[in-house]
Amino acid sequence: MEALAMLDKEVKRGSTEMLILALVEDRARHGYEIAKLIEQRSDGVLQFHVASLYPLLYRMEKRGLIKGTWIEKTGQRRRRFYKLMPAGKKVLNEQRQTWSDFFTALDRVAKINPA
Amino acid sequence: MNPNWKKIAREHLAVLRLPPEREIEIVEELALHLEAAYDEVLTEGLSETEAEARTVQTYDWRLLECELSRAEQPLAARALQPSLELIERKGGMRMESFIHDLRFGVRMLVKNPGFTWIAVLTLALGIGANTAIFSVVNTVLLRPLPYKDAEQLLAVWEVQTKSNQSLFSPAEFLDYQTQNQSFTDLAAYRFMPFTLTGQGEPKQVDGMIVSANFFSLLGVPAERGRILQMDDGRAGATRVAVISHDFWQQQFGSDPNAVGKALTLNGEPVTLIGVMRRGFQDPSQSERQIWLNPRNVVPDWSFNSPVDVLSIRETAFLRVIARLKPNVTLQQAQTDVDAIAARLQQQYPRPAGHGARVVSLHEQTVGTVRPTLLILLGAVSLVLLIACANVTSLMLSRATERYKEMAIRSALGASRWRIVRQLLLESLLLAFLGGVVGLIFGYWSLQLIVAWGVSEIPRLSEMRLDYRVFIFTLVVSVLTGLVFGLAPTLGAVKPDLTSALKEGSRGATDGRNRLRQTLVIAEVALALVVLIGAGLLLSSFSRLLAVKPGFNPQHLLTMRIGLNSQQYSKSADKKRFVRELNARLETIPGVESVGIGDDLPIAGTDSSTTLKVQDQPATSADALVSVGLHVISPHYFDALGTRLLKGRFFTERDGPDAPSVFIINETLAHRVWPNEDPLGKRIRYNNADPWGEVVGVVEDVKFDGLHLASTPHLFEPYQQNAWSFLVVTIRSPLDQNTLLAAVQREVKTLDPNLPVSSVRMMEDVVAQSLATRRFVLLLFGLFAGLALLLATVGIYGVLTASVSQRTRELGIRMALGATARDVGRLIVRQGLKLVLSGIVIGVVSALALQRVIGKLLFGISPTDPLTFTVIAFLLIGVALLACWIPARRATKVDPLTALRSE
C-alpha cells in the first residue's frame with residue numbers, strides 16, 4: 001500500500017512537470033494561467049497544491065527547462081511569463097515517449113486504452 | 001480596497017531569509033497569483049473580507065515554504081544564519097556586505113574620535129613627508145629633462161688628475177667635434193656676463209655665448225622668432241641674441257614685435273632674433289637670460305677678443321654638450337672619446353691622467369643631488385615605518401578592547417575571513433584618511449621645500465604634482481593600511497568566546513603585548529637610525545663651518561664689474577681702468593683695503609691652465625700641473641685677509657713692463673717643489689710668454705667650496721695680464737649700503753655706462769655655498785624630530801597601556817609592601833629594557849647603513865662614536881621622560897581600588 005502511495009506521488013510529480021512543459025509548449029504563460037489550465041483541462045482530477053506550483057517552476061527554471069521573463073503589457077501590471085526552452089522540449093518529448101510506452105504496456109496487459 | 005498581497009506574501013516568506021533581490025521577485029509573483037485568485041473568489045459573490053480569508057486559507061503556506069526552501073537553497077541550516085553571511089557564502093564578497101562593513105568601520109572610527117584623530121594625524125605626518133620628498137624625487141630624478149629625446153643628451157668633460165669636470169679649449173673642442181664617431185653633434189657654451197645699456201640704468205645680465213647648434217642640439221624651439229642657426233656660427237657672423245621669456249617681459253614689456261629689435265650689449269648693437277618659452281632652462285641650470293652666437297664657430301674667449309679663437313689650445317673655457325647617434329650607447333661613446341683623448345695626448349702632451357669623459361646630461365644635472373634625495377627619501381620612509389608601528393600599536397590595544405566583540409561575532413557565525421576583512425577595512429579606511437590628510441600636508445611641505453630649496457636643488461622650479469605622486473601616495477597609503485591592519489588581525493581570527501567573556505578584557509592580551517613591545521623596540525631602532533643620520537649631518541655641517549677658508553669673510557663687500565665693451569677692448573685700457581678704480585676706492589673713507597681679481601673665493605674658478613716649470617722636460621707628465629689661474633691687484637690678499645707664507649705680495653711696481661712675476665698657493669708649492677724653496681723658481685703657462693718668477697707663497701684659499709680639498713692655484717698681477725671680468729672685494733667696517741653707494745659713485749665717475757652687479761657680502765657668499773647642506777640638514781633634522789616624537793609617543797602608549805593592564809598586579813605588589821618608588825622603578829625598568837634593545841638594534845642598523853650616508857658627510861666618519869653615543873643618550877633621556885608619566889601613574893595605584901577593580 002505504501003509503495004503504491006509513493007508511486008502515486010512520483011507519477012503525480014512527474015506528470016505535473018510534463019503538464020507544465022506541455023502547457024508552455026505553444027506559447028509563454030504566467031503562473032496563474034498555468035494553474036488554472038491544469039485545473040480546467042484535467043477536470044479537477046489532476047488537481048495539485050497550487051502552493052507547490054511556483055517552487056516547481058523555479059526548480060524547472062534552474063534546470064533550464066523553462067525560462068521566466070517579466071513582461072509588461074499595456075494597461076496591465078507586469079507578469080512573469082514562462083516559455084519552453086530547448087532542454088525543456090527534449091524532456092517533454094522524452095516524457096511523452098515514456099508515458100506513451102507506459103500506456104501501450106498497460107493497454108497490452110490490462111486493455112486500458114487511453115485514447 | 002484590495003488586500004496588500006505583497007505584504008502578506010512577504011510576511012510568510014520572511015522566515016526563509018532569501019537573498020533580497022530574489023525575495024522581491026518571488027513576492028511579486030506570488031502576490032499576482034493571490035490577487036488573481038482573490039478576484040476570482042470575489043466573482044462568486046463573497047464579501048471582500050470573506051474572499052481574502054478564503055484566498056489566504058486555501059493557500060498552503062507551509063508547503064510553499066518547504067518547497068521554496070528546497071527550490072532556492074540546498075542548505076538546510078541556512079535559516080539559522082544571518083542573511084548577510086549567507087550571501088557571502090553563496091557569492092563571495094558582495095557589494096551590499098562590503099558597504100555594510102564600510103559603514104560599520106566608519107561608525108567605529110566616529111565612535112572613537114580620539115583614536116581616529118591620533119591615528120590619522122600620525123599617518124598623515126608620515127605619508128605627507130613621503131609625498132613631499134617623493135614629489136621632489138619624481139620631479140628631479142625621475143622625469144626626463146625638458147628637451148627633445150633628452151636621454152640622448154650628454155655632457156662631455158675633460159678629465160684631469162684632480163678634476164673630472166674640466167673645461168675644453170676651442171682647439172680641443174674642434175678635435176672632438178671632427179674626430180668622434182658617436183655623436184650627431186657637439187655644442188659648446190661659455191658663461192659670460194653682458195653689460196646692457198640704452199635701456200634705463202646700465203645693467204649686467206648673465207648670459208652665454210653658445211655654438212650656433214646649441215638650441216637645435218637640445219631640440220628646443222623658440223617661442224617667438226627663431227633659435228640660432230648654422231649660419232649664425234660662420235666666421236664673421238654678426239652678433240644676434242636669443243633671450244629668455246623673463247628678460248623679454250622685463251626689458252621689452254612683452255612687446256610682441258620685439259624680435260628684430262636691437263639690444264646694446266657691451267656697447268655694441270645686437271639683433272634680437274628669438275625669445276625662448278617661459279621656464280626654459282639651458283643645461284647649466286643657471287638663470288641665464290641671453291644666449292649669443294659666436295663670431296667664429298666656437299664661443300669666444302671674451303666679447304671683443306680677437307677672432308682667431310679656434311687655435312687656442314692652452315686655455316680651456318668651454319663647456320660641452322653632445323647628442324648621441326641613435327643606437328650608440330654611453331659606453332661606446334666613452335670608448336670613442338677615450339681614443340680621441342689618447343691621440344691628442346700623443347700630439348699635445350698634457351699632465352698625466354688627462355682624458356675626456358661623457359656623462360648623461362640627466363646625470364650631470366641631477367647626479368650630485370641623487371644620493372641626497374634618495375637618503376632623504378630613505379629617512380622619510382623610516383619615519384613612515386615608525387608612524388605605522390605607532391598606529392599598529394594603537395590598533396592592537398584597540399583590538400584588545402574589541403576582543404569580546406570579535407568573539408561574539410565569531411560565535412554568531414561570522415567567518416574568520418569576515419572578521420579579518422572587517423578589521424582590514426577599518427585599517428584601510430584609516431590609511432585612506434591618513435593619505436588624504438597626508439596629501440594636503442605633503443602639498444604644503446612641498447611649497448616650503450620649493451621656496452627654500454629652489455636654488456639649491458636643480459630642476460626644483462619644474463616642480464608640480466603629477467599622477468605619479470598621486471599613485472605613490474595611494475600605494476603608500478594602501479601598503480601602510482595593510483601593514484598596520486594585518487597585525488591586529490593575527491590574534492583576532494581565532495577568538496575564543498568562552499575565555500573572552502570569562503576573563504573580561506584580558507583575553508589574548510599577552511601575545512598582543514609582546515607584539516606591541518616588539519613594535520616599540522623597532523620604533524626606537526628606526527628613530528635611532530634617523531637621529532644618527534641627522535647627528536652626523538649636523539656634525540659635518542659644524543665641521544664645514546670650522547674649515548679655514550683662507551680668508552676672512554667678515555666685513556668684506558664683493559661685487560662684479562665687466563669690462564667687456566668696445567672701449568676696453570685693448571688690454572692697456574683695462575689696466576688703466578683697474579689702476580684708477582683701485583686708487584679711487586682706496587680713498588673712500590672707512591675702506592681698509594681693496595682687492596681686484598677675476599674670481600670670488602668659494603664661488604668657483606672658471607679658468608684653469610697647465611703650469612710649466614723651467615728646466616723640467618715638458619714631456620714629463622709629472623712636470624705638468626693643472627692650476628687654477630687668477631689675475632689680481634696688489635692688495636688683493638690684504639683685502640681678503642689671506643696670509644702670506646713666504647716671499648712678498650705683488651706691488652704697484654709689478655706693472656706691464658716689469659719682469660713677469662707669480663704668487664703660488666701652498667698646495668702648488670708642495671706639489672711642485674716638495675723639498676725646495678719655490679721662491680725664485682721660473683714658471684709659465686703659455687708657451688709664447690717669457691718665463692716668470694715665483695715671488696710669494698700664500699695660504700690656500702678655498703676657491704671651489706669649503707668641502708673640497710685645496711687645489712693648486714697660480715696668481716699673476718692684473719697689470720701683467722688684464723682680463724675683462726673683475727671681482728672687486730672691499731674690506732671695510734662700513735654699512736653695506738653706505739659703502740655700495742660710495743663705490744657706485746666712484747665707478748660712475750670713471751665710466752657712467754659700467755654696471756656694478758652681484759653685490760654681496762662675503763659672509764653671504766659663504767653661507768650660500770652651504771645652502772644645500774643647510775637645506776638637507778634642516779629636512780633631515782625635521783624628520784629626525786618627527787621620528788623622535790613618534791617613537792616617544794609609542795613608548796608612552798605602550799607603557800601606559802601596560803600600567804593600566806597591570807593595575808591589579810601593582811596593587812597586589814603594593815599591598816604586599818612594595819613602595820611607590822619600587823613600583824615606579826618597575827615600570828621605568830620595563831620601558832628602559834625596550835629602549836635599550838631598540839638602541840642596540842638601531843646602532844647595528846646604523847653601522848650597516850654607514851656607507852649610504854657617508855657621501856653626504858664632511859670631515860666625520862659615518863661611524864663616529866661620539867655622535868652615536870650622544871644620540872643614544874639623547875634617545876634614552878627622552879625615553880625616560882616617556883616612561884616617567886606612566887610610572888608616576890603606577891605609583892598612584894591604590895591597592896584597595898586595584899584589587900576591587902576586577
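Chain letters run A, B, ... following the sequence lines, proteins first, then strands; residues in each count from 1. Computation of the quantities below employed the complete heavy-atom set of this structure, encompassing side-chain atoms and omitting hydrogens, waters and symmetry-equivalent molecules.
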Open item on the list: With no hydrogens and no angle check, just 3.5 Å: does a side-chain donor-acceptor pair link A:Tyr32 and B:Glu29?
Closed with: no
- [ ] Tell me, with the steps shown, if B:Leu30 and A:Tyr54 meet side chain to side chain contact (heavy atoms under 4.5 Å, CB included).
- [x] CA-CA 8 Å; B:Leu30 286 180; A:Tyr54 288 98; 3.5 Å; yes
TODO: Please check if atom CZ in B:Phe432 has more than 12 non-hydrogen atoms from other residues, nucleotides or ligands closer than 6.0 Å.
DONE: no
Task: Engaged part of B:Leu34 at the chain A interface, taking heavy atoms whose separation is under 4.5 Å - done: neither
- [ ] Compare every heavy atom of A:Ala35 with every heavy atom of B:His33, then report the nearest pair and how far apart it is.
- [x] CE1-CB, 4.0 Å
Open item on the list: Between A:Arg80 and B:Glu25, does any side-chain N to carboxylate O distance fall below 4.0 Å?
Closed with: yes
Open item on the list: Applying side chain to side chain contact (heavy atoms under 4.5 Å, CB included), can you list everything that pairs with B:Leu439, at least two apart in sequence or on another chain?
Closed with: B:Thr131, B:Phe470, B:Thr473
TODO: With sequence neighbours excluded, tell me which residues meet ring-ring contact (aromatic ring centres under 6.0 Å, His included) with A:Phe81.
DONE: A:His30
Open item on the list: Minimum heavy-atom separation for A:Arg78 and B:Leu32, please, with both atom names.
Closed with: O-CD1, 3.3 Å
Open item on the list: Is any side-chain heavy atom of B:Leu64 closer than 4.5 Å to one of A:Pro55?
Closed with: yes
Task: Interatomic spacing from OH in A:Tyr58 to CG in B:Leu68 - rounded to 0.5 Å - done: 6.5 Å
